[in-house]
Peer 1: 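Structure below; questions to follow.
Only this structure's heavy atoms are used, side chains among them; waters, hydrogens and symmetry mates stay out. Chain naming here is simple, since letters A, B, ... match the order of the sequence lines and numbering starts at 1 in each. Because the structure is a prediction, the values reported are computed rather than measured.
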Amino acid sequence: MRLNLALALLLVPLAALSLFWDPETLRAVAARDPALAQTLLLELRLPRTGLALVIGASLGLGGAAMQGLLRNALASPDVLGPSTGASLGAVIAGYFLGGGVLAVAAGGMAGALLALGLLLALAGPAARTATLVLAGVAISALGGALVNLGLSLAPSPYALYDVMFWLLGSLADRSLGQLALAAPIIAIAGGVLLAQAAALDSLALGEDVAETLGVSVARLRWTIVVATGVMTGAGVAVAGSIGFIGLVVPHLVRPLVGNRPGAALWPSALAGAALLTAADIAVRLPVNGQELKLGVLTALIGAPFFLWLVVRAR
Amino acid sequence: MTRLAALLLLLATPAVAAPLRVASLNLCSDDYALLLAAPGQLVSVSRLGADAQESALAARAAGLHRNRGRVTDVVALAPDLVLTSGGDPNAAASARRLGIRVVELPQPQTLAAVRANIRRAGAALGREAAAEAAVAAFDAALGPAPAGPVSALLVSGGGLTIAPDGLAARYLRHAGLVQQAVPRGSVSLERLLADPPMVLVTGDYHPGQMSLNQSWLAHPALAALPARVRRLHTDGRVWTCLGPSLAPEIARLRQEVAR
């Protein structure tokens, strides 16, 4: 509880920093044209900060829920395939079916669910780490190949450029409409996941123990898979694929909550929101005059962490 | 020996006569081919050149064979001239290996290079008179660059913009607009709102197709730009190749700017 409070308090300055980034420019614009400064804050900064909080929370929470469910430290949406599935679904919906924003979001969610369903079907119920990661890697590779296939069949050459940049992940120049689309979906799915905390703690004692404690493991599995898939899909459809937050955050949080997967859910969501908001502030520091892509930055932080996990598990 | 060479030269002359079956492999060579070819002379254009979302001259390509930019796509049509411009660098070489005459139109960097490309394509097609007429029409459409140009920003979806010293900016100058310098060739909505240009020219590309870049153009923040920012719109298709089909669009823009 105190951890949650501390993390929530950490979010306040981060969100403020994200909203009021580059205050000199903001002040200058406000002095010249107050209405324009208001537009800048409401139409550009607010969705950016809001999406960073919401999507960061969904990534952290999704990672924690999957790691709890699969009792596996390497589980997270971007390692096991649903992120790639969401990318594929969104690309198909947006570029080949020519759908609007809603269709892209629906495509992303369908793709994520399909990838997760495939993962569980392939790996079986109580899969060993190796099986699970292998299946996840295979699904990710398949999804990635299909995205590339889609790109090479793209209806226009610029679609390639567009999709490539989108897949790098970014929260720049998003709109309130996109926030209004992603936030409710993530809030509902996130609420469903948070409600599974007690069941996940029971599951940590083993499936048989969980069943005797009144947890329907099959139902728990499906609930978490569907909720995580929906959340991942909605996030990817708006922000592109942002890797590694879902993998890293639960590891940072778990030691602080006595390694209980259920207790790690809330802090993971809060820490995910904080980490993504911080990362989205960091990308705005100009490097060579250009804003970095968010997905690139999180991968730059996350990949060494992943390697450290591998070395430690050796 | 010299007589033999002269004989060979004589035998080779048919290649210099106007080609009867011309295939153009790239969107940018289509621009010249569709403008200059005599009726029936062109047998194939690239699929992009025949796509009304990509090419302003697509209507002229109706009924023609469409290729995907490869020599293998057109070899069955027995072309006697292949036009290329950019695209697959191996296409020209493989066409030559098959004994097909190839004329490559380099990507123009200056307006003079566009005129040279028109003449080069015209000579290759045996349509020198049409090429001279096209150059005259090109210059007439561009007109002299108006005095007292206005600072402007040409952006397409996603905030992509053009270099202030490139060919696109030179064209824009003939519409009475001077492209602002933008670091790294792209501008964020935030930058645009914080420091709006006097004239904002937006170019759309595949307007019917949903994409991130497309939704950038529809962002409410763009609509909220102050009224003193003049908004103009341009046909995004003609800015891809910066070829002769851009000139009429420049003439239209110049009229709008002067209004």
Side-chain angles (χ1 to χ4, degrees), chain A residues 21-22 24-30 32-33 35-45 47-48 90-91 93-104 154-159 161-167 170 172-178 237-240 284 286-291, chain B residues 26-28 46-49 51-55 68-69 86-87 155-160 181-196 203-229 236-237 239-241:
Chain A
W21 180 253
D22 194 6
E24 297 91 71
T25 306
L26 278 180
R27 260 198 297 274
V29 175
R32 223 174 31 220
D33 187 343
L36 198 59
Q38 195 185 347
T39 308
L40 206 158
L41 271 178
L42 280 182
E43 301 281 359
L44 291 172
R45 294 292 178 88
R48 182 169 195 162
V91 166
Y95 288 89
F96 291 95
L97 307 180
V101 181
L102 270 175
V104 173
S156 75
Y158 278 74
Y161 179 84
D162 201 24
V163 172
M164 296 278 281
F165 261 75
W166 172 69
L167 289 180
S170 170
D173 293 346
R174 296 302 186 265
S175 66
L176 278 177
Q178 285 168 314
V238 171
R284 280 184 264 183
V287 175
N288 204 2
Q290 186 86 324
E291 213 174 78
Chain B
N26 312 107
L27 176 62
C28 293
S46 79
R47 70 191 172 93
L48 297 175
D51 182 345
Q53 296 238 57
E54 298 279 352
S55 165
R68 299 183 68 91
V155 286
S156 54
L160 295 176
V182 169
R184 295 271 149 184
S186 93
V187 62
S188 70
L189 283 173
E190 254 197 66
R191 203 65 260 149
L192 207 55
L193 247 62
D195 184 17
D204 56 6
Y205 177 80
H206 276 246
Q209 188 188 341
M210 137 70 211
S211 73
L212 264 195
N213 286 351
Q214 208 58 44
S215 63
W216 190 91
L217 284 175
H219 198 289
L222 264 188
L225 277 172
R228 65 188 152 81
V229 178
R237 299 175 299 179
W239 294 89
T240 310
C241 290

Peer 1: With only heavy atoms counted, which part of A/Thr25 is less than 4.5 Å from chain B, the side chain, the backbone, both or neither?
Peer 2: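 For A/Thr25, the contact with chain B is made by the side chain alone.
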Peer 1: Measure across A/Arg174 and B/His219 and return the closest heavy-atom pair with its distance rounded to 0.1 Å.
Peer 2: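 Looking at all heavy atoms of both residues, the shortest contact is O-NE2, 2.8 Å.
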Peer 1: Which atoms form the tightest heavy-atom contact between B/Ala224 and A/Thr39, and what is the distance?
Peer 2: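 Closest pair (atom of B/Ala224, atom of A/Thr39, distance): CB-CG2, 3.3 Å.
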Peer 1: Do B/Pro196 and A/Leu36 have side chains that get closer than 4.5 Å, going by heavy atoms?
Peer 2: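 Contact flag for B/Pro196/A/Leu36 side chains = yes.
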Peer 1: So how far is it from B/Arg191 CZ to A/Asp173 CG, rounded to the nearest 0.5 Å?
Peer 2: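 Going from the CZ atom of B/Arg191 to the CG atom of A/Asp173 covers 12.0 Å.
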Peer 1: Spell out, as yes or no, whether a donor-acceptor pair under 3.5 Å connects the side chain of A/Arg32 to the backbone of B/Ala194.
Peer 2: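 Side chain of A/Arg32 to backbone of B/Ala194, a donor-acceptor pair under 3.5 Å: yes, one is there.
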Peer 1: If you count heavy-atom pairs under 4.5 Å with chain A, which of B/Leu225, B/Leu27, B/Leu189 comes out on top?
Peer 2: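 It is B/Leu189.
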Peer 1: Could you have a look at A/Leu26, A/Leu40, A/Asp22 and say which one has the most heavy-atom pairs with chain B under 4.5 angstrom?
Peer 2: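 Heavy-atom pair counts peak at A/Leu40.
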